[in-house]
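Below: the structure, in structure tokens.
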Amino acid sequence: MTPDALARAVRDVLVALVADGHLPGPVPDDVVIERPRSKEHGDYATPVALTLAKSAGVPPRSVAELIAGGLAAQPGIASAEVAGPGFVNIRLAADAQGALAGQIVESGIAYGENDALAGVRVNVEFISANPTGPIHLGHARWAAVGDAIARVLAAAGADVAREFYINDRGVQMDRFGASVTAVAQGRPVPEDGYHGAYIADLAAAIVAAEPQILDLPDDDQRRAFREAAYVRQMDQQKAVLDLFRTHFDVWYSERTLHDTGAVERALDRLRAQGHVFEADGATWLRTTDFGDDKDRVLIKADGELTYFASDTAYYVDKRIRGFDVALYLLGADHHGYVSRLRAIAACAGDDMDRNVEVLIGQLVTMMRGGEEFRMSKRAGMMVTLEDLIEEVGVDAARYSLIRYPVDSPLSLDLDLLTQRTNDNPVFYVQYAHARIASVLRNAGELGIDWRSRGYDPALLDHEREGDLLLALADYPAAVTAAAELREPHRIPRYLESLATAYHRFYDSCRVLPRGDEPVEPRHVARLWLCAATLQVLANGLGLCGVSAPDRM
RNA sequence: GCGCCCGUAGCUCAAUGGAUAGAGCAACCGGUUUCUACCCGGUCGGUUGGGGGUUCGAGUCCCUCCGGGCGCGCCA
């Protein structure tokens, strides 16, 4: 029995109690089912009597008694008891609990998927690094977390697009182009240019590929270098992200935004909503109507569009493309954008609490030998995603970036992440997967065809088996919570608890027959439990974009 | 100055308003006659930064103070 099924069972009891006049209505739509911290409080507990008592005008324990009485008569429930101020503590029957293993194996990769966010179209925009340099460590957190959020949202039934916004227009691009040009011509990089060693690499590669570029007139040459460097730098970013298993559905160019008239469309819409005004020769958006600190300029007095105009047009464009939610994943240095992005939505006539969402990711640093790791081989003073992958590998990097809530600063300890020990949770979880794969392999070699035999769920009655089944039952709720709260770190945390439950089970429950022992139904039942655990570990690691190895 | 985020065990961090605040690491003690010991069990460890409030119930919500991080351009 799953927590969902249990919630329905409790609700059925409440409906019956109301129908019989034992309780006044209404019955709440959602009955809260909790996993008590203490095992003494049962497999599950519901505090619903506590919340109902007030409106019913009855002592909570009396309400709880009624619920417990009704529940105990339900199939699959071993016991339901009232405890504390009015909790109902519930224990499941072993067979009802054990049946879950079969359900999970049958569901396979779909176990954990749900429809909590069905019908919601979400645009997840993340990284959006300038195409003027490599993806750095600050972006890396979002490369992992943004991708995991997208996976988790999709698992919860949302229609998700991963999007990368390319700032390929404006002053930074020109400075980038000027820097590459200068190096190619043997001149020093301008003061306000880009100084990393990668600039020289780009210049050399471009000159090697198209030597005639140096014969072009100055302006043409600078433009040609800029465009060639842009293409190469984007390719480099894409290659690294590809290596990092972060793939985008849409690469959205700021130039495109301007070329397709999206800016004008957005301005029209904002004007129609009545939040645009002229002052001091400039065109403004009155974002202060919706909580921003100050109004923002869309078109400068010199006629140039601001970056804010692009932001605005881009948001409106996302909505025109049919997304219900524009989810922005930004670095802490951009948190000042939150109020203006929300104001943009409101100015466009949208609901700023629903149509736009901004997550702010705090800083990431890398430590080695107790010292901060600051230098990159290619990029100078910044550490790149490439460096991180080189240091710890994709799995450890992704896992440890996803493992923590994004609103707290993160310090990655490279010494730890390269160790294959318990300090390093990704190995702990992967090891559990590999361990199970090994058991299943051995079962195959012993000729135990557990899958076609079926199993008796009531045999999974050992305490550690029950704990493992409870952990397996928690998975869908972990996925839903991760999606609804945009907190993918819940998945690694969950996987670690599942891995612990498995290792504990493995420690006290022999799965395969020893030596010449015959194959008994209990062995088969435990193989089903192993297979179910393997599946959930694989599914959860999949949501993190981390591999689930069969051998380690 | 204004705004946002954070403050939980020696360290790194969990905890969707629920019961006695949990893991891992570190320290100490134990565990494998055959499935992966990269594992498992135990001990030690807390005024959840301080104070006040809301609630049947607060680490969680509100107020205030303290401490830390970041942001506040007709820049991009």
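A, B, ... follow the sequence lines: proteins, then strands. Residue 1 opens every chain. Small disclaimer: the values here were computed from a predicted structure and weren't measured.
- Within 4.0 Å of A/A45, counting heavy atoms only, lies at least one base atom of the nucleic acid.
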Output, in order, the C-alpha distance, side-chain angles, deciding distance and verdict of salt bridge (Lys or Arg N to Asp or Glu O under 4.0 Å) for A/D449 and A/R453. CA-CA 6 Å; A/D449 187 5; A/R453 279 199 194 194; over 6 Å; no

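- Looking at heavy-atom distances under 4.0 Å, A/S339 makes no contact with the nucleic acid at all.
- Nearest nucleotide to the A/K300 side chain, out of B/C72, B/C75, B/A19: B/C75.
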Distances for protein N or O near nucleotides 20-23 of chain B N or O, under 3.5 Å:
{"from": "B/U20", "atom 1": "O4", "to": "A/E40", "atom 2": "OE1", "distance (Å)": "3.2"}

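- For A/R175, no side-chain nitrogen or oxygen approaches OP1 or OP2 of B/A76 to under 4.0 Å.
- Nucleotides B/A27 and B/C44 have their C1' atoms positioned 8 Å apart, rounded to a whole Å.
- Between A/H503 and B/G24 there is no side-chain polar atom (N or O) within less than 4.0 angstrom of OP1 or OP2.
- With hydrogens and angles ignored, no donor-acceptor pair closer than 3.5 Å exists between the side chain of A/D192 and the base of B/A76.
- Distance from the side chain of A/L485 is smallest to B/U16 among B/A76, B/C56, B/U16.
- Look at A/K39 and A/D467 and you find a salt bridge, because one of the NZ, NE, NH1 or NH2 atoms lies within 4.0 Å of a carboxylate O, short of that distance.
- Heavy atoms of A/H489 sit under 4.0 angstrom from primed sugar atoms or phosphate atoms, though from no base atom.
- The closest side-chain donor-acceptor pair between A/Y428 and A/T500 falls under 3.5 angstrom.
- Within the 4.0 angstrom heavy-atom criterion, only backbone atoms of the sugar-phosphate kind lie near A/Y404; the bases stay farther away.
- In this entry the distance linking CD of A/E487 with C1' of B/A15 reads 11 Å, nearest Å.
- Figure legend: cation-pi geometry between A/R226 and A/F176 absent, as NZ or CZ is not positioned both under 6.0 Å from the six-membered ring centre and within 45° of its axis.
- With C1' as the reference atom, B/U48 and B/C66 are 16 Å apart, rounded to whole Å.
- B/C28 sits 28 Å from B/U34 when the P atoms are compared, rounded to a whole Å.
- Out of B/C38, B/G71, B/C40, the shortest distance to the side chain of A/Y431 is found at B/C38.
- With C1' as the reference atom, B/C39 and B/C35 are 13 Å apart, rounded to whole Å.
- In terms of phosphate contacts, A/K294 brings a side-chain nitrogen or oxygen within less than 4.0 Å of OP1 or OP2 of B/G73.
- Residue A/A477 is classed as a base contact, given a heavy-atom separation below 4.0 Å to a base.
- Seen from the ring of A/Y506, A/R435 counts as a face-on cation partner, given the 6.0 Å and 45° thresholds.
- Looking at A/E465 and A/R510, no side-chain N of the basic residue comes within less than 4.0 Å of a carboxylate O on the acidic one, giving no salt bridge.
- With respect to the salt-bridge test (charged N to carboxylate O, under 4.0 angstrom), the residues A/E81 and A/R91 do not qualify.
- B/C13 and B/A21 have their C1' atoms separated by 14 Å, with the value rounded to a whole Å.
- Atom C1' of B/G59 sits at a distance of 15 Å from the matching atom of B/U20, rounded to the whole Å.
- For the pair A/T46 and A/A332, nearest-nucleotide mapping onto RNA chain B gives the more 5' position to A/T46.
- Listed nucleotides B/C72, B/U36, B/A76 differ in distance to A/R435; the shortest reach to its side chain belongs to B/U36.
- At B/U36, one or more side-chain N or O atoms of A/N442 fall inside 4.0 Å of OP1 or OP2 (strictly under the cut-off).
- Note that A/R342 lies outside the cation-pi zone of A/Y337, set by a 6.0 Å cut-off to the ring centre and a 45° limit from the axis.
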Protein N or O to nucleotides 30-34 of chain B N or O, pairs below 3.5 Å:
{"from": "B/U34", "atom 1": "O2'", "to": "A/R510", "atom 2": "NH1", "distance (Å)": "3.2"}
{"from": "B/U34", "atom 1": "O2'", "to": "A/R510", "atom 2": "NH2", "distance (Å)": "3.3"}

Which protein N or O atoms sit under 3.5 Å from an N or O of nucleotides 4-8 of chain B?
{"from": "B/C5", "atom 1": "O2'", "to": "A/D407", "atom 2": "O", "distance (Å)": "2.9"}
{"from": "B/C6", "atom 1": "OP1", "to": "A/D407", "atom 2": "OD2", "distance (Å)": "3.4"}

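- Comparing B/C35, B/A15, B/C74 against the side chain of A/R490 picks out B/A15 as the nearest.
- Using a 4.0 Å heavy-atom cutoff across all strands shown, A/Y506 reaches at least one base atom of the nucleic acid.
- Within the nucleic acid shown, A/N89 comes within 4.0 Å of at least one base atom, counting heavy atoms only.
- Looking at A/R340 and A/D293, no side-chain N of the basic residue comes within less than 4.0 Å of a carboxylate O on the acidic one, giving no salt bridge.
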